[in-house]
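Every chain is numbered from 1 and lettered A, B, ... according to where its sequence line falls, protein lines coming before strand lines. Here the structure is a predicted model, which means the values were calculated and not measured.
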2 protein chains.
Amino acid sequence: MSLPHAILTALLEKPSSGLELTRRFDKSIGYFWSATHQQIYRELGKLEAEGLIRALTAEQPARGQKKAYEVLPAGRAELVRWTSTAQDPKPMRDALLLRLRAAAVVGAGGLEVDLRRHLELHERQLAEYREIERRDFPPGRDAPDDRLRHLVLRAGIDLETFWTGWLGHALAEFTQIAESAQDTEGAQGTKGAQGMKGADDARIAESTESAENAVRGEVAGPPDGERAGPPEGAAPTEPPGPGGAEPDGPGSEGA
Amino acid sequence: MSLPHAILTALLEKPSSGLELTRRFDKSIGYFWSATHQQIYRELGKLEAEGLIRALTAEQPARGQKKAYEVLPAGRAELVRWTSTAQDPKPMRDALLLRLRAAAVVGAGGLEVDLRRHLELHERQLAEYREIERRDFPPGRDAPDDRLRHLVLRAGIDLETFWTGWLGHALAEFTQIAESAQDTEGAQGTKGAQGMKGADDARIAESTESAENAVRGEVAGPPDGERAGPPEGAAPTEPPGPGGAEPDGPGSEGA
DNA sequence: GGACACATGTAACTAGTTACATGATTTG
DNA sequence: CAAATCATGTAACTAGTTACATGTGTCC
């Protein structure tokens with residue numbers, strides 16, 4: 001339940017229409033709380049109905065007409081209440097890390113390219129943040145609200161710094177893996193988590209292949225469309241090894 | 001569309017029942033892709049219907065009966081496809097940063113306590129990750145899949161390091177702000193949201209307050225500029241100061 | 001008067017959350 | 001055999017996404 005409060009904050013900073021808000025959610029506030037224009041219009045409606053904000057423009061509810069909102073005292077009170085209410089951090093969901101983990105199981109083919117792309121995106125974002133800091137927070141600006149806003153910007157900068165650093169490290173690792181795969185080419189399947197014995201050559205083939213850095217996207221079957229029934233005789237991937245001493249943690253599997 | 005792939009990955013690492021998966025999503029995979037048991041059961045049903053996984057247990061579809069699943073070749077293929085498909089990073093949503101930004105507008109009352117709580121949570125998580133690293137990734141483990149899993153763990157560690165560092169910094173900043181507020185106390189008794197004198201004055205009172213709390217003590221800074229909230233007598237309908245000199249970025253507002 | 005940017009909105013969908021229902025197995 | 005716990009599931013809801021509809025003002 002944060003979107004309404006994001007909007008209240010934005011409107012307190014500057015009364016705006018839906019589209020103006022949308023634009024501001026593309027930068028600024030949107031850097032840590034994104035929202036589409038549909039979400040915003042819907043929420044503006046609710047907030048108005050609840051009496052937390054009100055439309056400024058007298059009365060011209062025509063469709064293509066601009067309609068600005070401002071925050072009412074009740075809205076401000078609600079924002080104060082929300083801000084000082086304890087909230088648990090939401091459990092994180094990061095698809096890139098998930099993909100990396102999947103890659104540890106099925107092979108890393110093709111992932112490297114996207115890793116590089118992400119690195120570039122984060123580098124660009126970081127540069128943008130730094131530029132904003134240079135421009136908007138010169139030394140000396142230290143009124144409490146400036147400090148708080150600067151703190152938020154610092155979080156953005158530090159986060160992007162983390163990502164660029166980590167992605168750089170990851171790419172270096174990928175290169176090393178590819179190299180060592182070259183060294184031991186054809187010798188082994190390089191699979192660790194559980195003892196895999198024969199049973200599924202496709203998997204070994206894939207793992208080996210990806211270790212060799214072969215990039216390909218069309219190994220896969222139909223992504224959507226109708227999947228005809230389960231391949232009847234198809235042997236499932238191998239059963240877990242009896243000595244399944246699995247590691248634990250975000251990078252591995254708990255026992 | 002990552003949940004099914006998270007489940008496929010988990011099942012490849014080890015065939016499991018719904019509840020087992022749920023438990024593993026509380027740690028391990030759940031550290032970067034969380035899911036509730038309801039999500040998991042629903043998704044298992046879909047995946048089975050699509051022929052990507054299948055139930056291991058012959059046939060006992062009774063209600064309280066355990067039911068393990070394994071991944072079929074089609075499921076593995078789909079995971080490979082997904083892993084090597086480019087995906088844009090999802091725009092972030094962090095409620096804590098949003099609250100901080102709101103605090104810059106309505107006052108920071110009560111936020112500090114929760115900041116401290118979050119710091120503790122992140123410290124605990126960081127310690128857990130480090131322990132996992134010590135236990136599961138001793139030097140020498142460098143098969144490709146170990147390296148990839150370690151990489152994911154490193155991301156977790158670095159992320160938590162970022163948070164603890166940033167939260168520490170934020171709390172220090174809060175202390176400073178509080179101190180400088182002490183200095184100027186007596187000049188004005190209003191504090192936080194209670195400063196509301198009436199609907200129309202509430203906003204001004206608060207903005208003014210925070211501007212008057214400007215720090216000028218220990219940190220060698222020039223006297224703060226006269227950037228305050230809306231100037232005298234502004235009604236809530238009035239946009240902020242004429243200069244429109246609002247900063248921009250995640251920590252501030254674009255003009 | 002057509003193209004286009006501006007501005008607001010509807011509808012349908014997907015993903016995630018919360019609350020609760022129900023049967024099976026263990027254990028005191 | 002009652003209670004606790006294991007295990008699977010249903011239902012209703014909230015939040016976020018995607019696609020498209022419709023009107024207004026401007027500029028050429």
Side-chain angles (χ1 to χ4, degrees), chain A residues 1-8 11 15-26 29-30 32-50 53 55-57 59-69 82 87-95 98 223-224, chain B residues 1-8 10-11 15-26 29-30 32-50 53-57 59-69 82 87-95 98:
Chain A
M1 271 281 289
S2 298
L3 177 59
H5 303 100
I7 291 179
L8 287 173
L11 285 183
S16 311
S17 68
L19 193 65
E20 279 165 353
L21 278 178
T22 301
R23 295 210 199 296
R24 290 164 66 197
F25 269 78
D26 283 341
I29 288 195
F32 52 89
W33 200 276
S34 67
T36 63
H37 76 110
Q38 292 84 347
Q39 272 182 287
I40 289 170
Y41 281 119
R42 219 194 307 163
E43 202 64 46
L44 282 172
K46 283 191 207 166
L47 287 170
E48 190 178 20
E50 287 168 5
I53 64 175
L56 276 176
T57 42
E59 48 221 288
Q60 43 183 146
R63 197 154 203 185
Q65 230 71 354
K66 204 169 138 183
K67 207 163 97 188
Y69 294 90
W82 177 77
Q87 285 169 219
D88 285 328
K90 286 250 169 281
M92 81 174 283
R93 288 200 176 103
D94 187 284
L98 183 57
D224 276 334
Chain B
M1 271 278 292
S2 298
L3 177 58
H5 304 99
I7 290 179
L8 286 173
L11 285 182
S16 311
S17 67
L19 194 64
E20 279 164 353
L21 278 178
T22 302
R23 296 210 198 296
R24 289 165 66 199
F25 269 79
D26 284 342
I29 288 194
F32 51 90
W33 200 276
S34 67
T36 63
H37 77 111
Q38 293 85 347
Q39 273 182 286
I40 290 170
Y41 281 117
R42 219 193 309 163
E43 203 63 45
L44 282 173
K46 284 190 206 167
L47 287 170
E48 191 178 20
E50 287 169 5
I53 64 174
R54 80 168 175 202
L56 277 175
T57 41
E59 49 219 291
Q60 40 181 147
R63 194 153 202 185
Q65 229 73 353
K66 203 169 140 182
K67 208 163 96 188
Y69 293 90
W82 178 77
Q87 287 169 218
D88 286 327
K90 285 250 172 283
M92 82 174 282
R93 290 204 174 102
D94 187 284
L98 183 58

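- Counting heavy atoms from C-beta outward, A/L19 and A/Y41 have side chains that approach closer than 4.5 Å.
- Mapping A/Q38 and B/S34 onto DNA chain C via the closest heavy atom, the residue that lands nearer the 5' end is A/Q38.
- At the phosphate of C/dT17, OP1 or OP2 sits under 4.0 Å from a side-chain N or O atom of B/Q39.
- Between the side chain of B/S34 and the backbone N or O of B/G30 there is no donor-acceptor pair closer than 3.5 Å.
- In the set C/dA7, D/dG16, C/dG16, the nucleotide with an atom closest to the side chain of A/R93 is C/dG16.
- Minimum interatomic distance between B/R93 and A/Q39 (heavy atoms only, all atoms of both residues): NH2-OE1, 3.8 Å.
- Minimum heavy-atom separation, B/Q87 to A/A95: NE2-CB, 3.8 Å.
- As rounded to whole Å, 19 Å separates atom P of C/dA5 from atom CD of A/E20.
- Checking the phosphate oxygens (OP1, OP2) of C/dA5, no side-chain nitrogen or oxygen of A/R23 falls inside 4.0 Å.
- Checked against D/dG9, C/dT8, C/dG9, the side chain of B/Y69 finds its nearest nucleotide in D/dG9.
- Using a 4.0 Å heavy-atom distance criterion, A/S17 is classed as a sugar-phosphate-only contact.
- Side chain of A/H37, nearest nucleotide from C/dT8, D/dC6, C/dT17: C/dT8.
- When the options B/L11, B/L44, B/L56 are evaluated for a side-chain contact (heavy atoms from CB on, under 4.5 Å) with B/S16, the one that passes is B/L11.
- Counting only heavy atoms from C-beta on, B/M1 has its side chain closest to C/dA15 among D/dT8, C/dA15, C/dT8.
- The side chain of A/K46 approaches D/dA15 more closely than any other nucleotide in the set D/dA15, C/dG9, D/dG9.
- The CG-P distance, from A/L3 to D/dG16, rounds to 6 Å in whole Å.
- Annotation: of the two residues near DNA chain D, B/A68 and A/A35, the 5′-most nearest-nucleotide partner is B/A68.
- Using a 4.0 Å cut-off, no side-chain N or O of B/Y41 falls inside it from OP1 or OP2 of D/dG9.
- Donor-acceptor pairing under 3.5 Å, judged by distance alone, is present between the side chain of A/R42 and the base of D/dT17.
- In this structure, A/K90 does not reach the C/dG16 phosphate: none of its side-chain N or O atoms is under 4.0 Å from OP1 or OP2.
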